[in-house]
Each structure stands twice: as structure tokens, then as C-alpha cells.
2 protein chains.
Amino acid sequence: MPHSQFANLSRRERQIMDILYEKSTCSAQEVQQALPNPPGYSAVRALIARLVEKKFVVFRNEGGRYMYSPAVAEDQAQNTAINRLLRTFFKGSKVKAVNALLDVDSESLSAREIEELERTIARVKQAQETRAEE
Amino acid sequence: MPHSQFANLSRRERQIMDILYEKSTCSAQEVQQALPNPPGYSAVRALIARLVEKKFVVFRNEGGRYMYSPAVAEDQAQNTAINRLLRTFFKGSKVKAVNALLDVDSESLSAREIEELERTIARVKQAQETRAEE
DNA sequence: GCCCAATTGCTAAATTTTTAGCATCTCAAG
DNA sequence: CTTGAGATGCTAAAAATTTAGCAATTGGGC
């Protein structure tokens with residue numbers, strides 16, 4: 001299982017994996033529609049077939065049509081992507097990353113979202129305090 | 001300036017851009033050493049030259065040796081990477097992303113880092129409250 | 001100046017990726 | 001059953017990427 005090898009995906013492979021993680025399950029047509037500068041249908045199928053062969057993608061036959069999904073669990077893929085972001089832009093610092101993330105697009109959070117963030121911080125703080133006691 | 005086109009980078013191009021953003025400025029040799037499964041020196045130079053031509057990378061001559069840097073400002077590249085992460089894994093939700101980010105690798109934050117997070121949340125909350133009044 | 005390691009400028013071959021196309025099959029509607 | 005749209009299985013050519021190699025240059029040490 002090559003889940004540590006997302007960095008070795010080619011241009012189109014990476015675009016397709018992103019789409020599959022975003023949508024969870026897709027037909028080849030849906031993948032085609034979501035691709036930037038989409039090639040033809042058979043080109044998309046050939047690309048997906050290649051990802052199936054490399055074990056990045058699995059498929060199931062639904063009513064005569066294949067539905068494709070990522071082969072690597074989403075939380076693993078998330079972790080890989082997050083670690084890459086931390087290393088590339090934030091020298092590994094989660095705090096810097098959170099700062100940047102919350103500033104992106106100057107989009108405001110709702111009161112409920114802020115509450116949730118506060119709960120998250122409280123959870124993390126609790127875990128830190130528990131460790132500090134040990 | 002193709003800063004909206006990171007998604008179109010090829011495998012090696014992407015690997016090199018990551019290295020340049022991580023280290024800010026690099027010689028070709030340093031890029032070579034940082035690359036996974038590195039090719040030869042001249043292969044690395046040819047790849048970088050290609051990124052220079054595509055205007056993703058700029059260089060300066062320092063003592064007869066070229067030092068390379070990303071052409072797109074770091075904060076722009078950060079935003080692009082963060083937005084991709086949000087869209088791919090978190091349906092755009094910053095809160096979900098922050099949760100995942102803080103959980104990555106079960107690594108604990110220091111008390112100082114937690115304070116800083118709290119300040120960040122307070123800042124975001126203040127901005128939200130200011131907006132709510134308008 | 002000489003020497004040598006390291007570098008640049010440039011090229012093109014090797015390899016991989018991307019793309020489209022064709023024959024055949026499937027399924028649903030009439 | 002027929003028909004036609006949409007799909008699959010498969011192929012290989014076109015295009016892009018990756019790679020290495022050579023000649024010439026550069027800079028530093030002796």
C-alpha cells in the first residue's frame with residue numbers, strides 16, 4: 001500500500017486523487033467534470049485505471065457502472081497532507097499553521113464555530129495539563 | 001505569473017517547489033539532496049531551469065553559484081495550499097481542519113503554544129463580535 | 001599560473017504520462 | 001426484440017517529463 005507515496009503522484013494523478021477524497025466516491029464522468037482542463041472520457045478512464053493498478057484507487061460495479069474511491073483511508077491521507085503543509089510552510093509549527101488557516105480568505109467564523117474552536121483548545125489544554133502532572 | 005496553477009505542476013516540479021518553500025533559498029545541490037530518490041546534479045538543474053522558465057522560480061548569482069527561490073510569495077502559496085487542503089478533506093470547514101491539524105501525530109503542544117492559540121481564538125472571536133455589531 | 005572541483009549552458013535520449021480511439025458490451029426505453 | 005446512449009477493455013500514439021552527458025567556465029587553493 002503506497003500511502004506514503006502521494007508525493008510521487010503525477011500531475012493528473014494528483015488532481016484525480018484530490019477529487020476522489022473530496023467527493024468520496026465518483027464515476028469516471030464525475031471525475032472528468034471535476035478535472036481542470038478535462039481531457040476526454042476515455043483519457044480519464046485510462047488515468048483512473050492507472051491509479052487502480054498502483055493501488056491508490058479501488059472501484060465497485062454499481063448497475064453496470066464503476067464507482068471509484070480512494071484506496072487509502074481518508075484520515076491517513078489527511079495526515080499526510082497536513083504534515084506536508086506543516087513542513088513546507090510552517091517549519092512544523094501547528095500554531096503557526098492554525099493562525100494562517102484561520103486568516104485565510106478573511107472569512108469570518110460563526111459564533112458556533114468559534115465555540116467549537118474554544119472547545120478544541122480546551123481539550124488540547126487539558127491533555128497538556130494532564131501530561132504536565134505526569 | 002501562474003500562482004493559481006500549482007495544481008498543474010508535475011511530480012518533480014512539485015517536489016522541488018516544496019523544498020524551495022521549506023528552505024526559502026537553495027542551491028541546486030541542496031535541492032538535489034532534499035529530493036526523494038534524487039536524480040543526478042544535471043537532471044536537478046534541468047528541472048529547476050524548467051521551473052525558472054515557467055516563472056515559478058527565480059535565481060540570483062552568488063559567488064558564481066546560482067541560488068534559487070520561489071517566485072510566488074510564500075503567503076500566497078500558503079493560501080493556495082491551505083485552500084486545497086480545506087476543499088479536499090474538510091469541505092471547506094476551517095474548524096474541522098484545525099481539529100485535525102491539532103490531532104496530527106498526537107504531539108503535545110507546550111503551554112506557551114496553547115496560550116498563543118488562545119490568543120488567536122480571542123482575536124478571531126473579537127473580529128466576529130465586531131462584525132455581529134455592524 | 002596551474003590544477004581541480006564545482007558550476008553553468010545546452011542538448012537530446014529515455015522514460016513516463018497523457019490522450020484519444022475502436023470494438024464490444026450493457027442497460028433502459030420503446 | 002430493436003435501438004441508442006453510455007459504459008468497459010484495451011491499445012498505442014502523442015505529448016510531457018525526467019534524466020544524463022558533454023563542453024566550457026568559474027573560483028579557490030597552492
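Chain letters run A, B, ... following the sequence lines, proteins first, then strands; residues in each count from 1. Worth knowing before you read on, the calculation uses all heavy atoms, side chains too, and leaves out hydrogens, waters and symmetry mates. This one's a predicted model, so the numbers in the text were calculated from it and none came from an experiment.
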Scan for side-chain hydrogen bond (donor to acceptor under 3.5 Å, both in side chains) pairs involving residues 41-50 of chain B, sequence neighbours excluded, and state none if there are none. B:Glu13-B:Arg50
Of residues 35-48 of chain B, the positions that come close to DNA chain D - non-hydrogen atoms, cut-off under 4.0 Å: B:Pro39, B:Gly40, B:Ser42, B:Ala43, B:Arg45, B:Ala46, B:Leu47
Heavy atoms, side chains only, cut-off 4.5 Å: are B:Ile19 and B:Lys23 in contact? yes
Interatomic distance, B:Gln15 CD vs D:dT17 P [rounded to whole Å]: 14 Å
Sorted by chain and residue number, the side-chain hydrogen bond (donor to acceptor under 3.5 Å, both in side chains) partners of A:Asn83 (sequence neighbours excluded) come out as none
How many angstroms lie between atom CD1 of B:Ile114 and atom CD of A:Gln128, to the nearest 0.5 angstrom? 4.0 Å
Rounded to whole angstroms, how far apart are CD on A:Gln29 and P on D:dG6? 8 Å
Calculate the interatomic distance between B:Arg50 atom CZ and D:dT19 atom C1'; express it in whole Å. 12 Å
In this structure, are over 12 heavy atoms from other groups packed under 6.0 Å from A:Asn37 atom CG? no
What is the separation between atom CD on A:Glu53 and atom C1' on D:dC10, rounded to the nearest whole Å? 12 Å
If only side-chain N and O atoms count, and only distance matters, is there a donor-acceptor pair under 3.5 Å linking A:Arg123 with A:Gln126? no
For A:Met67 and A:Glu30, run side-chain contact (heavy atoms from CB on, under 4.5 Å): C-alpha distance rounded to whole Å, both residues' side-chain angles, the deciding distance at 0.1 Å, then the answer. CA-CA 10 Å; A:Met67 296 301 283; A:Glu30 283 167 324; 4.0 Å; yes
Name the first nucleotide and the last nucleotide along DNA chain C (5' to 3') that come under 4.0 Å of a heavy atom in chain A. C:dT17 to C:dC27
Within-4.5 Å side-chain heavy-atom neighbours: B:Leu102 and B:Leu117: yes
Output a table of nitrogen or oxygen pairs between the protein and nucleotides 25-30 of chain D separated by less than 3.5 Å.
none

Suppose we screen for side chain to side chain contact (heavy atoms under 4.5 Å, CB included). Which residues come up paired with B:Val58, at least two apart in sequence or across chains? B:Ser69, B:Ala71
Enclosure of A:Glu53 CD (heavy-atom neighbours >12, cutoff 6.0 Å): no
Nearest-angstrom distance from the residue atom CZ of A:Phe59 to P of D:dA7: 16 Å
To the nearest 0.5 Å, what is the distance between CD on B:Glu74 and OG on B:Ser24? 6.0 Å
Nearest-angstrom distance from the residue atom CZ of A:Arg11 to C1' of D:dT18: 15 Å
